[in-house]
There are 2 protein chains.
Amino acid sequence: MRILYVEDEKFLAEAVIHLLKKERINVDHAADGEEGLKLALKPNYDVIVLDIMLPKMSGLDILKTVRHRGIKTPIIMLSALNEVEDKVRGLDFGADDYLAKPFKSIELIARIKALVRRPALSEAKVLNFEDLKLNLTNRTLNGVELTDKEARIFEMLIKTPGSAITKEQILAYVWGSEVEFEENYVEVYISYLRKKLKSLKSKVEIKTIRNLGYKLCSKN
Amino acid sequence: MRILYVEDEKFLAEAVIHLLKKERINVDHAADGEEGLKLALKPNYDVIVLDIMLPKMSGLDILKTVRHRGIKTPIIMLSALNEVEDKVRGLDFGADDYLAKPFKSIELIARIKALVRRPALSEAKVLNFEDLKLNLTNRTLNGVELTDKEARIFEMLIKTPGSAITKEQILAYVWGSEVEFEENYVEVYISYLRKKLKSLKSKVEIKTIRNLGYKLCSKN
DNA sequence: ACTAAGTTTTAAGGTTGATTTAATTTGTGT
DNA sequence: ACACAAATTAAATCAACCTTAAAACTTAGT
C-alpha cells in the first residue's frame, strides 16, 4: 500500500512516517502544497492524507484540484483547528474522512486501512465485457498475461464499455500527469493490446475514434 | 510454545511470567497497549493474553485490530472487572476465552494449553495443489523440510492457487509489522522455494508477475 | 557456557523483460 | 492527393527481480 502524506510540520511528519512504515505502508511525503499537488496527480496512491494549513497552497485547494481532475483516490484531511467549518468544507469538496489534530498515529493508521480495505487474499478482482474477462488479481485477460501498463489501460477501457476515453485520460491514469506527454506511449500499448485480442480471437476490438480516443466494442 | 502477555500491573505480571516459565512456556511481555499491539501483530505467538484495562490502548482495541488484520492466533482476555459486558464484547470481537481477575495462575496455564491443543486435534494442516502436498504440522513439502519462513510463504501461495499475492502481503503475513520493509527478503525466500520445487521435480512453479507479485501455477 | 547446526538477514552483482524511444509505415478525412 | 493522425516495429534503456554467499543470529545438545 502506498500513500501520499502532505504535511509541513517536519517533526510530526517524521514521527508519523516512521510509524506508517512500520505498518508496511509506503509513504511519499510532500512538505508544501505545490509539491503535494504535483504528487497527488500521480496515479500511484491508495490514499492521500492532506494537512489543511500548508505553505504555498492549502490542502483544501489540493483536494479541489484533484477531485476536479476526476481522480477518485480516497482523501483524508487533517486540521490543526478542530473547526467544524473546515470539516464540513473538506467533506463537501469530496474528502472521504477528516481527522482533527492532535491525533494518535494509531487512529490515522486505522482510518487509512478503513478506506483501503483491500479484498481478502482469495477474492479476485474481475471485470467482464462480452467474451472477455480481465482478472486484475493475476493480471490476465482470458488467460493471456498482460504487463502492468497493458492491464491498466485495458482496465480503463473495460470499465467504460461503449464510451470512448482519450489518450490524455489514459496518460493521466497510467503514467501520471508529471510525465512529458508522449501520446505515442498510448499508441504503442494499444497496438500491443490489439495483438493480444487478436491472438485470443475475441469478438471484441479496440476502436479508434480519430482526434478523440479509443473505445471497446463488439466487432461488425 | 511462545505466548504474548500484555499486562500493566507489574507485580502480577512478574508472578505469572515466573510460573509460565516453570511450565516451559516462553513469554513475551508488554506493559502497555501500544507495545502490546506491536508485538501482537508479529506472527510469533501460539496464544495472546490481553488484559483489558491498559495504558495507551485497551485490550479490546488490540483484539479488534489483530482480528481485523486476519490474524487468527487464539486470544484470552483478562478483566479486573468481572463484568459481563466486557466478556460479551471480547468474545464478540473474536476472543477465544475469558478469565476474570483475580485468577489463579494454574487456571490461566490450563486455558492456554487448552487453546494450543485445539487446532492440532481438529484440523490436519495439509494443503494440496497439483502434485504438491504442504504439511504445516511438520513443515514439509512432499517430504522435503521447509524452514519457518519458507513454509509460511508457501502456505500463502498454495492457499490462493489462481491469483497472485504481492510482496507486501507476504511481508505483512510472514514478517509482521516490525521490520523495516525489505522486499529482498521475499525475493531470497522465493528463490529458495524455487530451488526446492526443482529438487522435487514438481510440475508446479512459482511465477513472477512483474510489479505485482507471485503466483503458483502448473508448468507449460 | 560452549559449540555446532540450522536459519535468517544483508549486500552485491548479474539477468531479464517491461518500458521507452525513435524511425517508418499505414490509414483517414478533406 | 495531401496533410496529419495513428499504428507498427525493433533497438536501447532501465528498474525490477534473481541469485549467491557470507555475516549475523538462534537453537539445541553436550
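Just the heavy atoms: all of them, side chains too, but no hydrogens, waters or symmetry mates, feed the values below. Numbered from 1 within each chain, the chains take letters A, B, ... in sequence-line order.
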Does a salt bridge link [X] with [Y], judged by any charged N lying under 4.0 Å from a carboxylate O?
X	Y	result
A:Glu34	A:Lys38	no
A:Lys167	A:Glu187	yes
B:Asp28	B:Arg2	yes
A:Lys10	A:Asp51	no

What is the distance from [atom1] of [X] to [atom2] of [N], rounded to the nearest Å?
X	N	atom1	atom2	value
B:Lys149	D:dT27	NZ	P	10 Å
B:Asn184	D:dT19	CG	C1'	10 Å
A:Glu182	D:dT8	CD	P	19 Å
B:Glu187	C:dT9	CD	P	14 Å
B:Trp175	C:dT9	CH2	P	6 Å
A:Tyr192	C:dT20	OH	P	10 Å
B:Tyr189	C:dG6	OH	C1'	10 Å
B:Ile209	D:dC18	CD1	P	11 Å

Protein N or O to nucleotides 27-30 of chain C N or O, pairs below 3.5 Å:
from	atom 1	to	atom 2	distance (Å)
C:dG27	N2	A:Arg210	NH2	2.5
C:dT28	O4'	A:Arg210	NE	3.4

Mark yes when over 12 heavy atoms from residues, nucleotides or ligands other than [X] sit less than 6.0 Å from its [atom1]; otherwise mark no.
X	atom1	value
B:Glu145	CD	no
B:Lys219	NZ	yes
B:Lys207	NZ	no

Under 4.0 Å between a side-chain N/O of [X] and OP1 or OP2 of [N], yes or no?
X	N	answer
A:Tyr185	C:dA18	no
A:Lys167	D:dA6	yes
B:Ser191	D:dT19	yes

- Starting at the 5' end of DNA chain C, which residue's closest nucleotide do you reach first, B:Arg139 or A:Glu150? B:Arg139

- Which sits closer to the 5' end of DNA chain C, B:Glu145 or B:Asn211, going by the nucleotide each is nearest to? B:Glu145

- A:Lys195 or A:Leu212: which one's nearest nucleotide on DNA chain D is closer to the 5' end? A:Leu212

- Which of D:dC18, D:dC17, D:dT19 is nearest the side chain of B:Val188? It is D:dT19

